[in-house]
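Here's the structure, in structure tokens; my notes come after.
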Amino acid sequence: MSSTAPAAVAAPKKARAAKKATPSKDAAPKAKRGESQRYKYSELNKASLTSGEAQHIYGVIIDATFPYKTNQDRYICSLKIVDPSLYIKSQKGTGDSSDFATVVLYAKRFEDLPIITRLGDIIRVHRATLRLYNGQRQFNANIFYNSSWAVFPQEGAGHGGASHSGKNYSFEKSEDATLANIRKWAQGYFQQYNVVSSDLYVPLAKAAGQKSDFDVVAKVNQVFELDEYTNELRLRDGSGAQTWNVLALKLKFPNVHAGDVVRIRSATYDETSTQKKVLLLSHYSNILTVPANSKLAKEVKAKAGDEKLDKAAINGVNATVLTEVDKKHAGLPVHSLLDLFHNIETDKEIQSKDTFRTQFYVTKIESADVKEWTKSYDKKTKKGASFKGQKGNANAIYQVQFLVKDVSTQFNSNTYKVLLYTHDGLGANFFNTPADNLYTNDKAAKKLQEYSGLLTKFNSWVDAVVERRNGFYFIKDTKIAF
DNA sequence: TTTTGGGG
């Protein structure tokens, strides 16, 4: 269920040749002699209202439904778009909220409609007819008749990354500038304005009071893998203390990542959920990524703040969380062990980072002998030697390996290693007591023995920040809070 | 080849 893979782009010349053999719906109206531009694009706010003439338009997408089925044989994708002529209501002297035109694409097949995954992407529509619907400019396009669409990613140059309706589509040389211009304008617009103004969504704190469906703008603090097919997104927007949850099929929403700010088009409050706050989606609901460098994404990230580890969410209400992470990692999204040890091999988003927050339980600690948790570290050979039989505590460091699991990995047979190696200072405060010779410091050894019991106790969890070095994960900025 | 449904 993905958008059509971009086919080779037909050059205008080729498209013209093809028209003779098989009429293409995207073929041009007859060009006048000497006129190189076949499509003249209308500004969203200038296109004539009285004329029934079809319009060709470019717009920046600020909202979209997922393509959905209506009756027997109609599929619809409804979008909100803006351009330099139509983007904010103050242009009409009515405040700073978003202004936009809507686009309604009609098709007979699901695959003839675009799947929009990001705000800020550019859509081009050929042969859309304009009308006024509920006071909004609405461009209607029948893909099953003679209209066509193409979607260009906001990131990138040219039209190479386009998806489009139909087997072929045309892209004229003169459109390079049109596309580049609207991309540039969109970037500035997303940096200076919130784009999705507050009247277009509901703070999570008010979600429970909504009578009908509503939209949300929130940060994805965690993508939690419930099973092979389903992610549960943990959402925060800073409007309340609680984290909200929404189920998102991996196949339907493959591009949502922890740390993203998203706009959810159409959610309802799940009144039946008592343990945690849940949003429900419909078949027409969509999850759209807000550009990371936009004003809106930055504001929401700042407000969403720290993830409160949700005991009920990780393993039932009886779970105990033994640790706390440093405040400076407030807002760091949580990654599962599956992400850290498996998905990192293929996921560029994860590969690009080296500090993660993760939550696990400890199945075993090595060494089993607490007295061997500390070593005397030789900086030259980079090796730790046992304190057994030694006096003093020269160059004492912790060298402890935790064998860990979490919900995402509980059904496979692997265990995963997370290291507390403090030779570079990482994780030095984890046990709240400096590394020492545990053969001579009985008090510290006794305390660590207690921690050992706590860490491996059933339903005890560790909420940790880890740093990836040479493929290993080292605990840092985390300490036991008991 | 169409007049749809559109916040569904």
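So you know, we letter chains A, B, ... as the sequences are listed, proteins then strands, and number each from 1.
Regarding F100(A), its CZ atom lies at a distance of 9 Å from the P atom of dG7(B), rounded to whole Å. As a whole-Å value, the separation of I143(A) CD1 from dT3(B) C1' is 15 Å. The distance from atom CG of D215(A) to atom C1' of dG8(B) is 12 Å, rounded to the nearest whole Å. If you measure from atom CG of L280(A) to atom P of dG7(B), you get 20 Å, rounded to the nearest angstrom. Rounded to whole Å, atom P of dG6(B) lies 13 Å from atom CG of N142(A). D213(A) places its CG atom 8 Å from the P atom of dG8(B), with the value rounded to the nearest Å. Nucleotide dG6(B) holds its P atom 13 Å from the NZ atom of K80(A), rounded to whole Å. The distance between atom CG of D73(A) and atom P of dG8(B), rounded to the nearest whole Å, is 20 Å.
When atom types are taken as modelled, the side chain of S239(A) and the backbone of L204(A) share a donor-acceptor pair closer than 3.5 angstrom. Remark: the backbone N or O of T289(A) is not paired with any side-chain donor or acceptor of D260(A) at under 3.5 angstrom.
Applying the side-chain contact (heavy atoms from CB on, under 4.5 Å) test to S198(A) and every residue at least two apart in sequence or in another chain returns nothing.
Of the side-chain N and O atoms in S78(A), one or more sit less than 4.0 angstrom from OP1 or OP2 of dG7(B). Proximity of R127(A) to the phosphate of dT1(B): no side-chain N or O atom is located under 4.0 Å from OP1 or OP2.
In this structure, K108(A) reaches neither bases nor backbone, as no heavy-atom distance under 4.0 Å exists between it and the strands shown. Across all strands shown, D63(A) has heavy atoms under 4.0 Å from base atoms, whether or not it also approaches the sugar-phosphate. Counting non-hydrogen atoms under 4.0 angstrom, T102(A) reaches nothing in the nucleic acid.
You'll find the ring centres of F152(A) and F171(A) inside the 6.0 Å limit.
Remark: ring of Y106(A) stacked against base of dT4(B); centroid gap under 5.5 Å, plane tilt under 30°. An aromatic stack links Y133(A) and the base of dG6(B), using centre distance under 5.5 Å and interplanar angle under 30°.
Comparing L79(A) and T129(A), the nucleotide of DNA chain B nearest to each residue sits closer to the 5' end for T129(A).
The listed nucleotides are dG7(B), dG6(B), dT2(B); the one nearest the side chain of Y145(A) is dT2(B). When distances run from any side-chain atom of Y284(A) to the nucleotides dT2(B), dG8(B), dG7(B), the shortest one goes to dG8(B).
For residues 204-217 of chain A, the pairs satisfying salt bridge (charged side-chain N to carboxylate O under 4.0 Å, His left out) are D215(A)-R263(A), with sequence neighbours left out.
Evaluation of atom-type donor-acceptor distances gives no pair under 3.5 Å for the side chain of N134(A) against the base of dG7(B).
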